[in-house]
Amino acid sequence: MAIIISGKETSAAIRAELKKEVEILKDKQGLTPGLAVVIVGSDPASKIYVRNKHRACEEVGMLSRVYEMPEETTEEELLSLVDTLNADPEIHGILVQLPLPKHLDEKKVIYRIDPKKDVDVFHPYNVGLLSIGNYTLSPCTPAGCMELLKRYNIEVSGKECVVLGRSNIVGKPISMLLLQANGTVTTCHSRTKDLKDVCRRADILVAAIGKPKFVGADMVKEGACVIDVGINRLPDGKICGDVDYDAVIDKVSAITPVPGGVGPMTITMLLKNTLLAAKEEL
Ligand code: NDP
């Protein structure tokens, strides 16, 4: 019987721990961790993400400020807000919700965030720290995957880890974190040859390609642990992962479902990063 790795339960447990830590920090040090989320324009999906982040922050007792800027905001205005937040002592984490409207240069905006407050861990300085293994903040979704492995006692050290996908947000950083945890890591992408054979080598298979049910039983080793990062919407409106859950469930030893697996962990890790960034102030 495969272990179903619940991100929902794990996330709730971590948030309860964070809430306690925030209380202690407030009582003993007089410090309230603060997150600023900046959203430009009115993309409905982005608005929902921002609302969820705001609620999550308040639930654990952190300060949450949301800055809603109109679609026609200029780069100068946005950079100026980032500068203000960089200098704001109440704010320990800054997140600019992506994607930004086309006329704004995402790189320029992200690179302007003070790396100490870069709780999304997109700034090249933090990506560099991650690659040399000297980091405090780790990127939210990949950190969520690692936390799930840890809390379900799935050993990474010495294991064959295959990551499907090489994006800067998921594939590359999760590869770095698995390597840091002493896994033997192979990162695959659209040009990888013999993809099925490579995936079948994996003790731990991480799927992050954005293709519904792409990973079937023929790509999974007997007894593998499968972490499904994918979030895909099917024509009937249902959400599914990059892994064909029903096809692999009898073959794997552990798997994250979609929804309820990696998804709920991302915001939780954002809260954790905000707390860590605040503690760096002490
Ligand atoms: P990207 O589109 O940025 O990257 C997809 C990666 O998959 C690329 O590296 C691409 O290769 C690779 N790829 C695409 N098709 C194939 C294929 N047929 N065979 C092998 N590799 C392939 O996606 P993201 O990393 O941003 O997201 C991946 C998935 O994770 C999405 O479903 C997304 O919704 C989900 N996601 C979930 C999050 C969560 O909170 N749980 C957070 C972020 C993302 P190449 O580089 O060669 O083009």
Side-chain angles (χ1 to χ4, degrees), residues 4-12 14-15 37 43-46 48-53 55-56 95-100 106-107 110 119-122 127 130 138-149 161-178 185-202 205-216 218-220 226-235 237-245 255-273:
I4 312 301
I5 301 175
S6 172
K8 213 172 155 192
E9 282 171 20
T10 309
S11 176
I14 298 173
R15 287 189 196 192
V37 179
D43 175 57
S46 293
I48 293 170
Y49 295 142
V50 169
R51 201 185 316 136
N52 290 342
K53 286 166 188 169
R55 274 202 205 127
L95 184 154
V96 178
Q97 185 66 44
L98 302 179
L100 288 171
E106 287 186 354
K107 262 194 205 155
I110 298 301
V119 282
D120 251 343
V121 194
F122 290 163
V127 176
L130 183 68
S138 45
C140 301
T141 300
C145 298
M146 296 306 290
E147 197 66 36
L148 287 174
L149 291 171
C161 305
V162 173
V163 177
L164 266 174
R166 59 170 163 181
S167 72
N168 290 333
I169 296 177
V170 189
K172 276 186 210 156
I174 185 78
S175 299
M176 298 305 304
L177 292 175
L178 288 165
V185 184
T186 307
T187 309
C188 302
H189 45 79
S190 62
R191 312 288 170 88
T192 299
K193 295 224 164 63
D194 304 321
L195 189 67
K196 284 187 181 174
D197 291 340
V198 178
C199 289
R200 266 201 303 266
R201 289 206 311 253
L205 179 65
V206 179
I209 58 173
K211 296 251 179 334
K213 302 187 186 182
F214 181 87
V215 176
D218 57 343
M219 294 177 77
V220 174
V226 175
I227 303 291
D228 190 355
V229 183
I231 301 176
N232 309 291
R233 194 171 285 279
L234 294 169
K238 285 193 185 139
I239 300 285
C240 79
D242 290 344
V243 177
D244 188 344
Y245 184 91
I255 186 166
T256 59
V258 178
V262 175
M265 296 296 289
T266 300
I267 293 185
T268 301
M269 292 298 112
L270 173 71
L271 300 176
K272 187 173 173 188
N273 275 348

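Just so you know, ligand 1 is whichever comes first in the structure, and atom 1 is the first atom listed for that ligand.
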Sorted by chain and residue number, the residues having a heavy atom closer than 4.0 Å to an atom of ligand 1 are T141, G165, R166, S167, V170, H189, S190, L195, A208, I209, G210, K211, F214, V229, G230, I231, N232, V262, G263, T266
Looking at D242 and D228, would you say the former's side chain and the latter's main chain have a donor-acceptor pair under 3.5 Å? no
Would you please name every residue forming a salt bridge (charged side-chain N to carboxylate O under 4.0 Å, His left out) with K238, sequence neighbours left out? none
CD (E106) with more than 12 external heavy atoms under 6.0 Å: yes
Would you mind listing every salt bridge (Lys or Arg N to Asp or Glu O under 4.0 Å) that reaches into residues 255-272, with sequence neighbours excluded? E147-K272
Expected output: side-chain T192 to main-chain L195 donor-acceptor under 3.5 Å: no
Set of salt bridge (charged side-chain N to carboxylate O under 4.0 Å, His left out) partners for D197, sequence neighbours left out: R200
